[in-house]
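Values below: all heavy atoms of this structure, side chains included; hydrogens, waters and symmetry mates excluded. Just so we're on the same page: letters track the sequence lines, and every chain starts at 1.
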There are 2 protein chains.
Amino acid sequence: MTQPLPLSQLLCFALYSASHAVQASYKPLLDRMGLTYPQFLVLTLLWETDDQPMSRLAQALQLESNTLTPMLKRMESAGFLTRSRDAQDERQVRLRLTEKGLGLRAEATEIPACFLAQSGLDPTTIRSLTDEIATLRDRLRAAQT
Amino acid sequence: MTQPLPLSQLLCFALYSASHAVQASYKPLLDRMGLTYPQFLVLTLLWETDDQPMSRLAQALQLESNTLTPMLKRMESAGFLTRSRDAQDERQVRLRLTEKGLGLRAEATEIPACFLAQSGLDPTTIRSLTDEIATLRDRLRAAQT
DNA sequence: TAAATGTAAATCGTGCGCGATTAAATCGCA
DNA sequence: TGCGATTTAATCGCGCACGATTTACATTTA
């Protein structure tokens, strides 16, 4: 048996604290647009593909209706998107960007670049780090059977 | 200008989703002990050094009193630790492990090892990944002036 | 020593995340 | 065709996170 690691050397804490630090660094930029960080993630998906069912966002973000439903309602009231039942399958809720939601795209997609600058790391390092973390995440999800 | 990246290639989302995946993989083990994930982080710090002021935990976790106060009260009611005002400086709240809190140490410090096994990554990779993520976090915090 | 300054927790409100449950629509199959 | 099983959202409760403010105590300084 090895000695227990201190918090500062735990991968779980590195991820936890880094994720919070990233959200904090995004915050001033998102505030100007009236977005929270998870809402920014939702819009990022809709900027890639507009008019998606909620179930697809849930899949991509690994979030469930108990998180997404109230969040999307707030985004609808704020005027970023519309929610409407699919005519073919009334169980599904389809999400569509409004003009306001579309209008934020150019400004918002600059944020990851600002973030990269703030981090002081070069793009290649950022890319490989992203891949390694995504691989870890996918393996954990797969093990979660 | 480069093209905007899809969500799946954003470092911020990799961190966000991996952090959630790690917490999900810890959950069944923590549930058995009656702990939440942030509570496990608090205990990890107290297992390293018992009898700390709340301000030191706040510094280590980068959390503030608005998060920690209610959380520590819950942990106190659950019997994991005690909270008491420091006699020398009545502004401070000192945290001490109870027998129950101490008793979880051996079992809980095994969790990161289980996690490592689940991840399917070798210890060396885990360590360098942890370091890289911590470096990124620290640079972002430093830029956050 | 009294007033100004600084520091540590606590409090309040809002928005996630998620377990558990419910409701409604669709699908599958006898 | 009809009825059980499945799928999709919605709802409810609780525990973080965090901005903003307040309270209590300590320290500095006039």
Side-chain contact check for Arg91(A): nearest option of dA10(C), dA25(C), dG19(C) is dA25(C)
May I ask you to say what Leu63(A) touches in the nucleic acid, namely base, sugar-phosphate or nothing, with a heavy-atom cut-off under 4.0 Å? sugar-phosphate
5' precedence on DNA chain D between Gln88(B) and Thr67(B) (nearest-nucleotide basis): Thr67(B)
Rounded to whole Å, the CZ-C1' distance (Arg85(A) to dT26(C)) equals 13 Å
Between P of dA9(C) and CD of Gln52(B), the distance in whole Å: 12 Å
How far does OG1 of Thr98(A) sit from CE of Met75(A), to the nearest 0.5 angstrom? 9.0 Å
Residue from Leu63(A), Leu61(A), Thr36(A) passing side-chain contact (heavy atoms from CB on, under 4.5 Å) with Leu41(A): Leu61(A)
Output yes when a side-chain donor or acceptor of Thr69(A) lies under 3.5 Å from a complementary backbone atom of Asn66(A), and no otherwise. no
Could you tell me whether Ser55(B) contacts a base, only the sugar-phosphate backbone, or nothing, with contacts defined as non-hydrogen atoms closer than 4.0 Å? sugar-phosphate
Start at the 5' end of DNA chain C and walk down; is the nucleotide closest to Gln23(A) or to Asp86(A) reached first? Gln23(A)
Applying a 4.0 Å non-hydrogen cut-off, can you work out what Arg83(A) is touching in the nucleic acid: base, sugar-phosphate, or nothing? sugar-phosphate
Straight-line distance of Arg127(B) CZ to Leu11(A) CG, nearest 0.5 Å: 12.5 Å
Distance, rounded to the nearest Å, where Tyr16(A) contributes OH and dG17(C) contributes P: 12 Å
For Gln92(A) and dT26(C), what is the distance between atoms CD and C1' respectively, to the nearest whole Å? 10 Å
So does Tyr16(A) get a backbone contact from the side chain of Ser19(A), meaning a donor-acceptor N/O pair under 3.5 Å? no
Judged by nearest nucleotide, the residue sitting upstream toward the 5' end of DNA chain C, Glu64(A) or Ala87(A), is Glu64(A)
What are the atom names and distances for every N/O pair under 3.5 Å that joins the protein to nucleotides 20-22 of chain C?
{"unit_1": "dA20(C)", "atom_1": "N6", "unit_2": "Asn66(A)", "atom_2": "ND2", "d": "3.4"}

Separation of Leu102(A) CG from Leu97(A) CG (nearest 0.5 Å): 5.0 Å
Let me know, please, whether Lys27(A) or Asp89(A) comes out on the 5' side of the other along DNA chain D by nearest nucleotide. Asp89(A)
More than 12 heavy atoms of other groups within 6.0 Å of Arg83(A) CZ: yes
Rounded to whole Å, CG of Leu35(A) lies from C1' of dG15(C) at a distance of 13 Å
Spacing of CG belonging to Asp51(A) relative to CZ belonging to Arg56(A), to within rounding of 0.5 Å: 9.5 Å
Considering only heavy atoms of chain B and a distance under 4.0 Å, specify the first and last nucleotide of DNA chain D in 5' to 3' order that meet this criterion. dG15(D) to dA26(D)
So, the side chain of Arg85(A) versus the backbone of Arg94(A): is there a donor-acceptor pair under 3.5 Å, distance only? no
Any Arg56(B) side-chain N or O less than 4.0 Å from OP1/OP2 of dA9(C): no
